[in-house]
Amino acid sequence: MKNIKYSIIVPVFNEEEVIKKTYQRLTTVMNSTNAPYELLFINDGSKDKTEEILVELERNDKKVKLINFSRNFGHQIAISAGMDYAQGEAVVIIDSDLQDPPELILDMIDKWMEGYDVIYAKRLSRKGKSFFKKQSASLFYRTLRFMTDIDIPLDTGDFRLMDRKVVGEMKGLREKNRFVRGMASWVGFRQIAIEYERDERDAGETKYPLKRMLKLSMDGITSFSYKPLKLASYAGAFLAIAGLIYMFYVFYLNIFTDATVPGWSSLIIIQLFFSSFVLVLLGIMGEYIGRIYDETKNRPLYIVRDYYGLEERNNLRRNNPVPITLKK
């Protein structure tokens, strides 16, 4: 397909319960634009029937494209692969669970036509989420904004529309521990938010439990800021001053008073406090060193096992050093 106007990137992982409905809603929305488009599904190592369903959809609708990873590489990597292969003048990123309404794409397109380069969706509320999930998500975004050196909008995910030139710049950013929404903010260009109410997941289970949210937040912070190292330095300086003051206090008690310094309990408490701080500092340094190690290995971001409907893009192999098996 040539002269594609819109590319819709949909990362999927074990979404057999919802993927057909996602396809139907996306097709209805995109057909209403009366413009050529493609639905680019990135299968991130699904273990259920997601791949079978998508293969069948591709056979019946040539607007559907499918990329199968050799294993699970992660949500952010799947989005990056979609940007590598997308051909549209405007590229939309949307999850397959229908929490982000596909109908909002039309509003994004209107803003794009007005001249904006990045239109991102900002959540006003989250339906069907527990109190803990809502509060932890809120804390995540606010901590991220405080810790990073770029202006990442609050309460936004990866659901967005980006102009071709923005995607081109982002394709040049090849760091291994990726945080796509931060990268989109970092490249700049004219950006605007569209507010919406986020729906409940239509079916299946969340792919971002607490463990993955913590990893995502760490990727976001360490990718765009070294403030944690600064904070550790400030905390170390504060503790050193506090220790010096306490030392003078102990000298004063011994020389000028008859009071005795408390025994082992106070000493143990102080030692445990300082030891804990040192371990935390080493952990922060380890996060940065680990990411440096990942970059020096220079492995590809992902490996494509096979794909459907993308034979005309057979030259896109810079991230895939292994031969690609074409399926028809």
Side-chain angles (χ1 to χ4, degrees), residues 6-31 37-69 71-86 88 90-106 108 120-121 123 126-129 133 137 156-162 167 178 180-181 184 196-209 212-213 216 302 304-310:
Y6 305 111
S7 293
I8 315 300
I9 299 173
V10 190
V12 294
F13 177 64
N14 293 339
E15 298 288 7
E16 63 179 1
E17 298 178 47
V18 72
I19 197 63
K20 283 187 177 180
K21 188 173 181 179
T22 301
Y23 162 77
Q24 291 166 357
R25 285 181 62 179
L26 284 171
T27 299
T28 300
V29 169
M30 298 313 298
N31 283 341
Y37 68 90
E38 63 179 356
L39 302 179
L40 188 55
F41 292 92
I42 315 297
N43 179 25
D44 189 21
S46 297
K47 302 297 183 182
D48 59 4
K49 295 182 180 179
T50 297
E51 180 180 345
E52 298 174 27
I53 295 171
L54 289 173
V55 168
E56 185 63 28
L57 291 175
E58 188 273 336
R59 287 173 180 167
N60 296 320
D61 184 354
K62 294 307 176 185
K63 294 183 177 66
V64 174
K65 315 295 180 184
L66 172 61
I67 296 174
N68 289 313
F69 281 173
R71 63 170 177 83
N72 179 259
F73 283 90
H75 180 260
Q76 300 294 291
I77 299 297
I79 292 174
S80 300
M83 289 191 290
D84 286 342
Y85 283 87
V91 176
V92 176
I93 302 170
I94 185 170
D95 288 340
S96 59
D97 55 17
L98 294 179
Q99 288 184 281
D100 300 324
E103 294 74 18
L104 200 64
I105 294 174
L106 298 178
M108 293 180 172
Y120 56 87
R123 306 161 186 145
R126 295 166 171 258
K127 297 180 182 178
K129 297 295 184 182
K133 179 68 175 178
T156 60
D158 295 309
F159 184 27
R160 64 191 61 225
L161 180 150
M162 297 181 291
V167 174
R178 303 177 72 76
V180 173
R181 69 199 71 167
Y196 75 113
E197 305 283 343
R198 198 174 200 218
D199 295 327
E200 264 186 274
R201 167 176 268 273
D202 194 81
E205 298 179 353
T206 178
K207 303 306 183 293
Y208 269 102
R212 287 200 175 188
M213 281 295 293
L216 184 65
Y302 55 87
V304 172
R305 171 167 52 86
D306 52 44
Y307 52 64
Y308 295 76
L310 291 168

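We number each residue from 1, following the sequence as shown.
Residues meeting the ring-ring contact (aromatic ring centres under 6.0 Å, His included) test with Y120, sequence neighbours left out: none. Residues that satisfy the salt bridge (Lys or Arg N to Asp or Glu O under 4.0 Å) test with E103, not counting sequence neighbours, are R25. Under the side chain to side chain donor-acceptor pair (under 3.5 Å) criterion, S46 pairs with N43, not counting sequence neighbours. E56 pairs by the side chain to side chain donor-acceptor pair (under 3.5 Å) definition with N60, not counting sequence neighbours. In this view, K49 and E16, E52 satisfy the side-chain contact (heavy atoms from CB on, under 4.5 Å) rule, not counting sequence neighbours. Listed by chain and residue number, nothing satisfies the ring-ring contact (aromatic ring centres under 6.0 Å, His included) test with F159 (two or more places apart in sequence, or in another chain).
At least one test fails for R71 against the ring of F69: distance under 6.0 Å to the centre or angle within 45° of the axis. Cation-pi check for K65 over F41 is not met; the charged atom does not lie both under 6.0 angstrom from the ring centroid and within 45 degrees of its normal.
Between K62 and E38, no side-chain nitrogen of the basic residue sits less than 4.0 Å from a carboxylate oxygen of the acidic one, so the salt-bridge criterion is not met.
When atom types are taken as modelled, the side chain of D48 and the backbone of T50 share a donor-acceptor pair closer than 3.5 angstrom. Judged by distance alone, the side chain of N31 and the main-chain N or O of T27 form a donor-acceptor pair under 3.5 Å. Judged purely by atom type and a 3.5 angstrom limit, N68 has no side-chain atom pairing as donor or acceptor with the backbone of R305.
Interatomic distance, L26 CG to S96 OG, rounded to the nearest 0.5 Å: 9.5 Å.
F73 places none of its side-chain heavy atoms less than 4.5 Å from the side chain of I42.
Counting only N and O atoms by type, the side chains of D44 and Y302 include no donor and acceptor under 3.5 Å apart.
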